[in-house]
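Labels below follow one simple rule: chain letters A, B, ... track the order of the sequence lines, proteins then strands, and each chain is numbered from 1.
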There are 2 protein chains.
Amino acid sequence: MAERVLNSQAGGIGSTAHEAVYRRLRERIFFGGFLPGHAVTLRGLAEELGVSPMPVREAVRRLIAERALAMQGNGRVVVPLMTRDKFEQVLFARAALEPELAARALSRLSPADIEVVAQVDDDIDSALLNGDAEGYMRGNFRFHFMIYRQAEADMLLGLVESVWLQFGPFMRMAYGRIGTQGLEDHHQAALEAMRRRDEAGLRAAIRADIGQGMGFIGDAMLSPLQ
Amino acid sequence: MAERVLNSQAGGIGSTAHEAVYRRLRERIFFGGFLPGHAVTLRGLAEELGVSPMPVREAVRRLIAERALAMQGNGRVVVPLMTRDKFEQVLFARAALEPELAARALSRLSPADIEVVAQVDDDIDSALLNGDAEGYMRGNFRFHFMIYRQAEADMLLGLVESVWLQFGPFMRMAYGRIGTQGLEDHHQAALEAMRRRDEAGLRAAIRADIGQGMGFIGDAMLSPLQ
DNA sequence: GCGGTCCCATTGTGATCACAGAATTTGCAT
DNA sequence: ATGCAAATTCTGTGATCACAATGGGACCGC
């Protein structure tokens, strides 16, 4: 099944330097240490990654276009902050798009594919038991995109990837602050629906997963701050 | 009301050269002569726009990230072709996102705003009468985004802009080939719903407008080709 | 001790050059 | 005339340099 779940765009092998920088930055934004508000510099990243500033410029420009990074008025590049408004929009967009992707993927998922996804879910449970926030996020990402990728709907997948990139750093900060205790795993219903080939059930399960997972961090994080 | 409907992103004034190039390319992709399949070159655009290749590189990179342009395996940059699959995804994404934007905008639309939108719709009718395909497209774009912009939901607006950029060149080619006769104006229902402050009615009207407008060109264009 | 001002380091931006790969054209041989 | 091969042009990519503007910090005056 899909090995390269990230970077669905422009199926190219992507052997250019700026492509590699793009992937590494994307990985760090989503799973690494780039928290909301963190400022990055072109030359700094270039030196850190061992390349000239040029590929970094292109990668950062691309990430800004995907709203994974933001450029403030003075030209400085930062990881965007989350606001209640933006969070609600993310929640809506996910609920509007992801169940459809899952439904489209259903007919293309082989029983073997489904069991691979089930294994990922086991890993998620282990991560939750161990309080491993990053492991949970990586697993959750893999769980969803292994499914969505099978939909073979690049256009919708691109929209959803952009949405995930926008709330990723916030989610990471949230789990870092409030921990993973209290998080439940709502993926079982999705797995059962997939095994039953129940499209309506899968849509509902994905929708429930989004609502509950996002509600969890939304309640915990956004009540205090504004 | 919103003068700058295009380029919602990163509210900056955008006085940099690559920002200007980006806006001009975007304008041409959507309303100008860039048809699907059209190839562009960095140096060619640079000379044509009277700038160095540098700002063009950044603008093109950004447009590729938004999927308004595509890079083929050999590195050449082209305006992407439309496929039936992609068209269906565009249709779904529009129907999933745009009614929500319209609904969110409703409470912020003043009666004066609504009448401005109504005037735009009059212009659309004139364009349709004259068979002015570009006028129709400009008017249709303004009609929708004058409303959506009032929703003050940048994240969702960005998704919708990306979607429009992806079907814009195809729609232009479609109207150029099949003309605008047969196009009906389904905006009246939306205007009446707005005047009534009828959120459900507005959602339904926008959804109907999308379904019928897109169905019109989808039926005409995508049956023959593949 | 504290506030303001000047200076320098750092930032993103744009231009120019070098380079490798691809595509097109040219030229030759059949 | 036609098919193939070589060469030349053209492509995007990356590096380096120059520059204006912004930000931070040091220094001085009160």
Side-chain angles (χ1 to χ4, degrees), chain A residues 7 9-26 28-29 33-81, chain B residues 7 9-26 28-29 33-81:
Chain A
N7 189 35
Q9 173 147 332
I13 309 94
S15 60
T16 60
H18 87 254
E19 187 80 25
V21 171
Y22 169 77
R23 281 201 287 264
R24 291 189 60 177
L25 287 182
R26 198 171 146 137
R28 282 171 62 164
I29 289 171
F34 285 181
L35 294 185
H38 186 276
V40 299
T41 65
L42 266 41
R43 288 172 175 86
L45 289 176
E47 190 175 3
E48 191 178 330
L49 300 177
V51 296
S52 91
M54 205 56 181
V56 177
R57 273 166 77 168
E58 310 222 355
V60 166
R61 180 71 55 196
R62 181 168 165 190
L63 288 163
I64 290 172
E66 296 173 336
R67 296 180 183 241
L69 295 175
M71 175 161 295
Q72 6 193 45
N74 52 13
R76 306 304 160 93
V77 178
V78 298
V79 180
L81 298 175
Chain B
N7 188 35
Q9 175 146 330
I13 308 96
S15 60
T16 61
H18 88 255
E19 187 82 23
V21 171
Y22 168 78
R23 281 200 289 262
R24 291 190 60 176
L25 288 182
R26 198 171 145 139
R28 283 171 62 162
I29 289 172
F34 285 1
L35 294 184
H38 185 277
V40 299
T41 64
L42 266 41
R43 288 173 176 86
L45 289 175
E47 189 175 2
E48 192 178 330
L49 300 178
V51 296
S52 90
M54 206 56 182
V56 177
R57 276 166 74 168
E58 309 221 353
V60 166
R61 178 72 55 197
R62 181 167 164 188
L63 288 163
I64 290 173
E66 295 172 336
R67 296 181 184 241
L69 295 175
M71 175 161 295
Q72 3 193 49
N74 53 13
R76 306 305 160 94
V77 178
V78 299
V79 181
L81 298 175

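For the pair B:E47 CD and D:dC10 C1', the computed distance is 13 Å after rounding to whole Å. A straight line from OH of A:Y22 to P of D:dT13 spans 15 Å, rounded to a whole angstrom. Atom C1' of nucleotide C:dT13 and atom CG of A:L42 are separated by 10 Å, given to the nearest angstrom. Put simply, CD on B:E58 is 7 Å from C1' on C:dT13, counting in whole angstrom units. The distance from atom CG of A:L45 to atom P of C:dG12 is 9 Å, rounded to the nearest whole Å.
Between B:L35 and B:V79, the closest heavy-atom pair is O-CB, 3.4 Å.
Nucleic acid contact class of A:V40 (heavy atoms, under 4.0 Å, all strands): sugar-phosphate only.
The residue among A:R76 and A:R43 whose nearest nucleotide of DNA chain D is located toward the 5' end is A:R43.
Using a 3.5 Å distance cut-off with no hydrogens or angles, the side chains of B:H18 and A:R61 do pair a donor with an acceptor.
Residue B:M54 places its side chain closer to C:dT16 than to any other of C:dT16, D:dG14, C:dG12. Among D:dT16, D:dG14, C:dT13, the nucleotide with an atom closest to any side-chain atom of A:M71 is C:dT13. Side-chain proximity of A:A17 to the nucleotides D:dT13, C:dT16, D:dG14 is greatest for D:dG14.
Of the side-chain N and O atoms in A:N74, one or more sit less than 4.0 angstrom from OP1 or OP2 of D:dG23. The side chain of B:T41 contributes an N or O atom lying less than 4.0 Å from OP1 or OP2 of D:dT11. Between A:R61 and C:dT13, a side-chain N or O to OP1/OP2 separation shorter than 4.0 Å is present.
Salt bridge absent: A:E48 and A:R24 never bring a charged side-chain N and a carboxylate O closer than 4.0 Å.
With hydrogens and angles left out, the side chain of A:R57 and the base of C:dG14 share a donor-acceptor pair within 3.5 Å.
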Trace of the side chain to side chain contact (heavy atoms under 4.5 Å, CB included) decision for B:M54 with A:R57 | CA-CA 11 Å; B:M54 206 56 182; A:R57 273 166 77 168; 3.2 Å; yes

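In this structure, A:E47 places its CD atom where only 12 or fewer heavy-atom neighbours from other residues, nucleotides or ligands lie under 6.0 Å away.
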